[in-house]
Student: 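My questions will all concern the structure given below.
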Amino acid sequence: MNERYDVVVAGAGPAGAQCARDLATRGYDVVVLETESEDEFPRQSNKSTAGTFHSMMAAFGIPDDVVMQYTDTVVLESPTDHYVKRHPGAVLEFADFKRYLVEDGREKGAEYRFDARATAPIMEGGEPVGVTYNGDEELYADIVVDATGPAAPLAKKLGVSNLERENHAIGIEVELEGIEIDRPGFADLHDAMMLRLDHNIAPGGYSWIFHTGEDTAKVGLCYIQSGSHQQHARDDFTVDDYLSYWLDTDPRFRNAERLEGKQHRGSAHIQPPGQMHTDRFMAIGDTVPTIDPVWGEGIHTCMKSGRMAAAAADSCLKHDGVEPTAENLSMYDSLWHKQVAPNANKRLLMTQLLYLADNDRYDKFMADLGRLDEETLAKANNGNPLGIAKLLGAEDVPLLARFAKRQLEGKLSLNGKLPL
């Protein structure tokens with residue numbers, strides 16, 4: 001078995017698998033290390049709602065047979081109102097999608113090793129030249145890619161990852177049958193992906209219903225354990241309690257039943273990335289902070305991060321005598337900020353502002369969306385200050401004051417001057 005490659009990738013999620021696909025297509029020797037066993041993959045890492053849009057499907061050649069349901073609309077709900085936007089998309093069977101990426105990568109020449117947990121970089125001359133996995137097994141490569149997301153065992157040991165475990169987000173999702181998809185008083189959710197802003201259900205976060213055909217749907221919620229969550233949360237409620245509360249009180253679920261074996265959990269840390277590369281190394285895939293404030297779309301950004309990493313690796317490997325130094329691999333950071341998550345910091349600020357608003361403001365938000373043109377909403381979602389300003393009014397001054405105060409407190413806490 002070969003022990004030396006052009007690139008070794010830790011993690012077979014969408015980012016790592018797409019990076020391997022692209023590199024194999026270019027003819028490079030690439031191997032992917034995946035912690036899970038192949039027979040069960042992706043049992044532990046099957047954590048995405050798997051909602052996406054046609055732009056991702058077309059850009060990455062994703063086949064129809066991994067799609068549970070094609071959708072026509074996206075819906076935003078508040079406690080008493082809703083907004084409907086025509087936007088074709090797809091709800092993926094996430095496990096099938098991840099297995100497809102592996103199978104397609106193998107057909108293109110990538111090697112996969114399952115039951116292989118990457119543990120540390122192999123260092124020579126102060127640079128990573130390979131990876132140890134499962135304790136004492138070794139692989140060598142010109143470039144090492146950590147695509148394990150926030151776990152980032154290789155990035156952390158190289159001093160690249162700077163996650164502080166702040167703004168911890170947790171989520172839970174189940175798949176249900178027997179849902180009343182078109183309940184009077186609610187939006188028609190046939191062929192729709194719905195996101196709900198309601199602190200009674202997801203304090204400091206959002207919940208969702210993604211139609212998957214007939215009377216079935218993916219149903220879940222996620223919240224960020226930040227100041228907004230603490231302001232609205234119940235002391236005696238866990239994430240499971242909030243889901244149970246929603247299922248018990250929403251009339252659309254009155255006759256619904258959970259599908260056996262269809263429950264997923266996930267967690268992440270919502271903060272901007274810092275350094276993402278060093279000599280012979282890139283950290284990719286932790287794109288949770290890059291998602292659109294309103295529509296999400298984490299899968300697309302994850303796939304793009306894998307593609308940008310492959311492009312950066314190719315820019316070094318295809319030229320004799322060009323070493324994959326930190327300076328040469330800085331192309332990845334540039335592509336990330338331009339192609340994967342433009343205006344990432346501003347979009348993250350808008351996300352934080354969105355979750356800080358109260359339920360009454362969410363009801364008004366639905367009305368605001370109805371009166372504004374789609375271009376304004378798109379600009380706001382992309383972090384454009386003028387677009388965001390058009391969503392705000394005089395009544396938002398107290399909200400903005402609270403937001404500014406929390407931003408200041410957050411900066412001071414990072415400097416060790418004020419506890420969270």
Student: Begin with the C-alpha distance, continue with both residues' side-chain angles, and end with the deciding distance and a verdict on ring-ring contact (aromatic ring centres under 6.0 Å, His included) for H54 and Y70.
Tutor: CA-CA 9 Å; H54 289 300; Y70 280 106; 5.5 Å; yes
Student: Quick check against the 3.5 Å criterion: does K304 have a side-chain atom that pairs as donor or acceptor with the backbone of Q339?
Tutor: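 Here the side-chain-to-backbone pair exists.
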Student: Would you check if Y355 and Y206 make a side-chain contact, meaning some heavy-atom pair closer than 4.5 Å?
Tutor: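 Heavy-atom side-chain distance check passes, below 4.5 Å.
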Student: Report the C-alpha separation of H87 and F53 in whole Å, then their side-chain angles, then the decisive distance to 0.1 Å, and conclude whether the ring-ring contact (aromatic ring centres under 6.0 Å, His included) test is met.
Tutor: CA-CA 8 Å; H87 197 324; F53 298 120; 4.0 Å; yes
Student: Could you pull out the closest heavy-atom pair between P251 and F186, with the gap in Å?
Tutor: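 Nearest heavy atoms, P251 then F186: CG-CE1, 3.8 Å.
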Student: Stepwise, does the side chain to side chain contact (heavy atoms under 4.5 Å, CB included) test hold for Y332 with S305?
Tutor: CA-CA 9 Å; Y332 174 63; S305 74; 3.7 Å; yes
Student: Quick check: does any side chain N or O of D146 sit under 3.5 Å from a backbone N or O of L154, one acting as donor and the other as acceptor?
Tutor: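 Confirmed, D146 side chain pairs with L154 backbone.
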Student: Can you name the one residue among D198, D368, D81 that meets salt bridge (Lys or Arg N to Asp or Glu O under 4.0 Å) with R361?
Tutor: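 The residue from D198, D368, D81 that satisfies salt bridge (Lys or Arg N to Asp or Glu O under 4.0 Å) with R361 turns out to be D368.
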Student: Just checking, is any N or O donor in the side chain of Y242 or R234 under 3.5 Å from an acceptor N or O on the other one?
Tutor: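 Checked: Y242/R234 side chains show no N/O donor-acceptor pair below 3.5 Å.
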Student: On a heavy-atom basis, which atom in I179 and which in A256 lie closest, and how many Å separate them?
Tutor: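 Closest approach of I179 to A256, heavy atoms only: CG1-CB, 4.0 Å.
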Student: With ring-ring contact (aromatic ring centres under 6.0 Å, His included) as the criterion, how do Y28 and Y5 come out once you've worked through the C-alpha distance, each side chain's angles and the decisive distance to 0.1 Å?
Tutor: CA-CA 8 Å; Y28 295 113; Y5 296 82; over 10 Å; no
Student: Can a donor-acceptor pair be found, under 3.5 Å and without considering hydrogens, that links the side chain of H277 to the backbone of A326?
Tutor: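 Yes; judged by distance alone, with no hydrogens or angles, the pair exists.
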Student: Considering non-hydrogen atoms only, spot the tightest contact between C19 and I284 and give its length.
Tutor: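 Closest approach of C19 to I284, heavy atoms only: CB-CD1, 4.1 Å.
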Student: Kindly assign one of parallel, tilted or perpendicular to the pair Y112 and F114, based on the angle between their ring planes and the thresholds 30° and 60°.
Tutor: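 Geometry flag for F114 against Y112: parallel rings.
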Student: Under the 3.5 angstrom rule, does the side chain of T52 hit a backbone N or O of M56 as a donor-acceptor pair?
Tutor: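 Here the side-chain-to-backbone pair does not exist.
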Student: Counting only N and O atoms by type, is there a donor-acceptor contact under 3.5 Å from the side chain of T278 to the main-chain atoms of F281?
Tutor: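 Absent.
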Student: Looking at D314 and R307, is there a salt bridge between them, counting it only when a charged N and a carboxylate O are closer than 4.0 Å?
Tutor: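 Between D314 and R307 there is no salt bridge, as every charged N stays at least 4.0 Å from the carboxylate O atoms.
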Student: How about CG on D236, more than 12 heavy atoms from neighbouring residues, nucleotides or ligands closer than 6.0 Å, or not?
Tutor: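 Count over threshold, so yes.
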Student: If you take all heavy atoms of L243 and G220, which pair is closest and at what distance?
Tutor: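 Minimum heavy-atom separation between L243 and G220: CD1-CA, 4.5 Å.
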Student: Side chains of D358 and H199: donor-acceptor distance under 3.5 Å anywhere?
Tutor: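 No, H199 and D358 have no side-chain donor paired with an acceptor closer than 3.5 Å.
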Student: Which heavy atom of L197 sits nearest to which heavy atom of P79, and what is that distance?
Tutor: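 So the minimum-distance heavy-atom pair works out to O-CD, 3.4 Å.
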Student: Checking N134 side chain against D115 main chain: does a donor-acceptor pair fall under 3.5 Å?
Tutor: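 Yes, N134 side chain to D115 backbone: donor-acceptor pair under 3.5 Å.
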Student: Between T80 and D363, is there a side-chain donor-acceptor contact under 3.5 Å, judged purely by atom types and distance?
Tutor: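 A pair is found: one side chain offers a donor N or O, the other an acceptor, under 3.5 Å apart.
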Student: Side chain to side chain contact (heavy atoms under 4.5 Å, CB included), that's the test. Do L33 and V8 meet it? Break it down for me.
Tutor: CA-CA 8 Å; L33 304 176; V8 57; 4.1 Å; yes
Student: Applying side chain to side chain donor-acceptor pair (under 3.5 Å), name anything that partners E127, two or more places apart in sequence or on another chain.
Tutor: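 Side chain to side chain donor-acceptor pair (under 3.5 Å) check on E127 returns R280.
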Student: Establish, from distance only, whether the side-chain atoms of D241 and T238 form a donor-acceptor pair under 3.5 Å.
Tutor: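 Per modelled atom types, D241 and T238 side chains form a pair under 3.5 Å.
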Student: Donor-acceptor pair, distance only, cut-off 3.5 Å: does the side chain of D215 make one with the backbone of E177?
Tutor: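 A pair under 3.5 Å: no.
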Student: Which one of R106, R43, K98 satisfies the salt bridge (Lys or Arg N to Asp or Glu O under 4.0 Å) criterion with E38?
Tutor: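 Going through the options one by one, the only one that passes is R106.
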Student: Could you go through the side chain to side chain contact (heavy atoms under 4.5 Å, CB included) check for L335 and V340 one step at a time?
Tutor: CA-CA 7 Å; L335 289 172; V340 178; over 6 Å; no
Student: Report yes if the side chains of L259 and L176 come closer than 4.5 Å at any heavy-atom pair, otherwise no.
Tutor: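 No, every pair of side-chain atoms sits at 4.5 Å or beyond.
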Student: With no hydrogens and no angle check, is any side-chain donor or acceptor of T132 less than 3.5 Å from a backbone partner on D136?
Tutor: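 No.
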Student: Counting only N and O atoms by type, is there a donor-acceptor contact under 3.5 Å from the side chain of E34 to the main-chain atoms of A12?
Tutor: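 Yes; judged by distance alone, with no hydrogens or angles, the pair exists.
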Student: Indicate whether any N or O donor in one side chain lies under 3.5 Å from an N or O acceptor in the other, for N255 and E180.
Tutor: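 Result is no, nothing qualifies.
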Student: Side-chain donor-acceptor pair under 3.5 Å between D39 and S37, yes or no?
Tutor: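 No donor-acceptor contact under 3.5 Å links the two side chains.
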Student: Evaluate the salt bridge (Lys or Arg N to Asp or Glu O under 4.0 Å) criterion for residues E111 and R113: first the C-alpha distance (whole Å), next the side-chain angles of each, then the deciding distance (0.1 Å), finally the verdict.
Tutor: CA-CA 7 Å; E111 180 184 333; R113 299 189 188 183; 2.8 Å; yes
Student: Check whether NZ of the Lys or CZ of the Arg R99 lies under 6.0 Å from the centre of the six-membered ring of F41 and within 45 degrees of that ring's axis.
Tutor: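 Because its charged atom misses either the 6.0 Å distance or the 45° angle limit, R99 does not stack over F41.
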Student: Do any N or O atoms from the side chain of R21 and from the backbone of F60 form a donor-acceptor pair under 3.5 angstrom?
Tutor: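 Side chain of R21 to backbone of F60, a donor-acceptor pair under 3.5 Å: yes, one is there.
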Student: Would you say L189 and V75 make side-chain contact, with heavy atoms under 4.5 Å?
Tutor: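 Yes, close enough: below the 4.5 Å cut-off.
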Student: Nearest heavy-atom pair of C316 and N328: which atoms, and what distance?
Tutor: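 In this case the closest contact between C316 and N328 is SG-CB, 3.6 Å.
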Student: Could you tell me if the side chain of I209 sits less than 4.5 Å from the side chain of K218, heavy atoms only?
Tutor: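 SC-SC contact between K218 and I209 ruled out.
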Student: For V219 and W246, run side chain to side chain contact (heavy atoms under 4.5 Å, CB included): C-alpha distance rounded to whole Å, both residues' side-chain angles, the deciding distance at 0.1 Å, then the answer.
Tutor: CA-CA 10 Å; V219 177; W246 190 24; 3.5 Å; yes
Student: Do NZ/NE/NH1/NH2 and the carboxylate oxygens of K364 and D360 come within less than 4.0 Å?
Tutor: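 D360 and K364: not salt-bridged.
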Student: Would you indicate whether E214, at its atom CD, is surrounded by more than 12 heavy atoms from other residues, nucleotides or ligands within a distance under 6.0 Å?
Tutor: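 Not buried by this count: 12 neighbours or fewer within 6.0 Å.
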Student: Can you sort out the partners of D182 under side-chain contact (heavy atoms from CB on, under 4.5 Å), two or more places apart, ordered by chain and number?
Tutor: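 Result, side-chain contact (heavy atoms from CB on, under 4.5 Å) vs D182: D188, H190.
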